[in-house]
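First listed ligand is number 1; within each ligand, the first listed atom is number 1. In what follows, every heavy atom counts, from backbone to side chain, and hydrogens, waters and symmetry copies are set aside.
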Amino acid sequence: MRVCLDRVSQGYGSTQVIDGLTLDLRPEVIGLLGPNGAGKTTLLRTMATIMPPRAGSLSLDDRVVTGERAARAVRSSIGYLPQKFGFDPGMRVLDFVRYAAWMRGVPAGRWDGEARRALEHVDLWDRAGARMKRLSGGMRQRAGIAWAIVGAPGLILLDEPTVGLDPRQRLQFRKIISGLRDSVVVLSTHLIDDIEAICDRVVVMHGGAIKFNGSTGELARLSRPGLPGNSDLERAYMSLLPEEEQVL
Ligand SMILES: Nc1ncnc2c1ncn2[C@@H]1O[C@H](COP(=O)(O)OP(=O)(O)OP(=O)(O)O)[C@@H](O)[C@H]1O
């Protein structure tokens with residue numbers, strides 16, 4: 001899978017959030033980093049084809065996604081987990097993931113096998129028969145990841161997937177993500193240590209624009225002494241913010 005955004009603009013009503021953003025992504029784990037309101041969710045929703053670009057284009061594997069019909073055709077290749085995802089609390093975990101398989105256009109004969117594979121990947125197969133409302137927060141988050149990865153979509157979009165996870169669950173999450181490198185995996189996060197631990201590439205956004213796009217090593221090299229932060233990556237991130245935001 002190759003995902004290209006070419007001079008994409010996006011917004012809500014009269015608010016322009018993203019203005020002429022260009023990005024070219026290949027299979028690897030990409031961390032999307034930026035302050036509140038930078039436009040990370042808006043970018044993820046654009047890639048998920050939920051919001052058609054106002055200007056510019058989104059293409060998946062060289063197919064430009066124009067209009068609802070084209071969007072429907074590519075949605076089977078996209079797994080999107082919003083920051084707050086809804087579910088029927090009485091639904092069993094297996095049915096929740098099977099439902100995602102159905103939505104993604106997986107043929108009926110493969111729903112069970114694909115759902116099982118996704119639940120095994122997130123280490124939740126032993127809870128397949130439990131009702132969603134009985135899961136702990138971390139388990140629920142893993143069920144959400146199973147929802148996003150069932151059917152092996154080529155593009156996996158996770159919006160702040162580690163929020164609310166305890167340290168062990170975050171380590172589990174890192175292990176789960178490491179096994180997904182055949183897809184383009186984009187995850188938004190505020191946690192720089194998650195980026196350092198699991199991402200091959202970092203994209204830093206601010207004010208709807210991309211301020212940095214490169215490896216974690218390349219980002220670390222932007223670190224400057226004197227900037228706030230406890231690691232090179234934190235100081236490098238601070239160096240990308242406007243000067244007035246570089247002080248605490
Ligand atoms: N439904 C909406 N209607 C109007 N404005 C919106 C809507 N959703 C987001 N915005 C605005 O768009 C801008 C970007 O928001 P977005 O949620 O994409 O940022 P973000 O980087 O994901 O932030 P966060 O880290 O807080 O989740 C913000 O100024 C926000 O107020």
Exercise for the section: For atom 1 (N) of ligand 1, decide whether some protein heavy-atom distance is shorter than 4.0 Å. Expected result: yes
Practice task
Please write down residue, atom name and distance for the protein heavy atom closest to atom 19 (O) of ligand 1.
Solution key: Gly39 N, 3.2 Å
Problem - From Met51, Lys40, Gln83, His190 - option closest to atom 20 (P) of ligand 1 by heavy atom - result: Lys40
Exercise for the section: Taking the side chain as every heavy atom from C-beta outward, state whether Leu180 and Val29 have any pair of such atoms under 4.5 Å apart. Expected result: no
Exercise for the section: Please check if any side-chain donor atom of Thr49 sits under 3.5 Å from a side-chain acceptor atom of Arg75, or the reverse. Expected result: yes
Exercise for the section: Would you mind finding which of Thr15, Thr41, Leu33 brings a heavy atom closest to atom 22 (O) of ligand 1? Expected result: Thr41
Exercise for the section: With heavy atoms only and a cut-off of under 4.0 Å, state how Pro35 meets ligand 1: side chain, backbone, both or neither. Expected result: backbone
Practice task
May I ask you to say whether Arg117 pairs ionically with Glu114, meaning some side-chain N is under 4.0 Å from a carboxylate O?
Solution key: yes
Fill in the blank from the handout: of all protein heavy atoms, closest to atom 29 (O) of ligand 1 is Gly37 O, 4.2 Å
Handout entry: Protein residue, atom and distance nearest to atom 5 (N) of ligand 1, heavy-atom basis
Key = Tyr12 CD1, 3.5 Å
Exercise for the section: Describe, in one word, how the ring planes of Trp102 and Tyr99 are oriented to each other, choosing from parallel (under 30°), tilted (30 to 60°) and perpendicular (over 60°). Expected result: parallel
Practice task
Answer yes if the side chains of Thr46 and Gln10 hold a donor-acceptor pair under 3.5 Å, and no otherwise.
Solution key: yes
Handout entry: Presence of salt bridge, Arg92 and Asp95, under 4.0 angstrom
Key = no
Exercise for the section: Please could you name the atoms of ligand 1 that Asn36 approaches to less than 4.0 Å, counting only its heavy atoms? Expected result: 23 (O), 24 (P), 25 (O), 26 (O)
Exercise for the section: Assess Gly34 for proximity to ligand 1: is some non-hydrogen atom of it under 4.0 Å away? Expected result: no
Handout entry: Lys/Arg-Asp/Glu bridge criterion (N-O < 4.0 Å) met for Arg221, Asp232
Key = no
Problem - Under-4.0 Å heavy-atom contact with ligand 1, by part of Val17 that carries it - result: side chain
Handout entry: NZ/NE/NH1/NH2 to OD/OE distance under 4.0 Å, Asp112 and Arg110
Key = no
Practice task
Tell me whether the centres of the aromatic rings in Trp147 and Phe96 are closer together than 6.0 Å.
Solution key: yes
Exercise for the section: Just jot down the ligand 1 atoms closer than 4.0 angstrom to any heavy atom of Thr42, in number order. Expected result: 14 (C), 15 (O), 16 (P), 18 (O)
Problem - contact_flag Glu160 ligand 1 heavy-atom lt 4.0 Å - result: yes
Handout entry: 4.0 Å protein heavy-atom contact status of atom 14 (C) of ligand 1, strictly under
Key = yes
Exercise for the section: Decide whether the shortest distance between a heavy atom of Arg45 and an atom of ligand 1 is less than 4.0 Å. Expected result: no
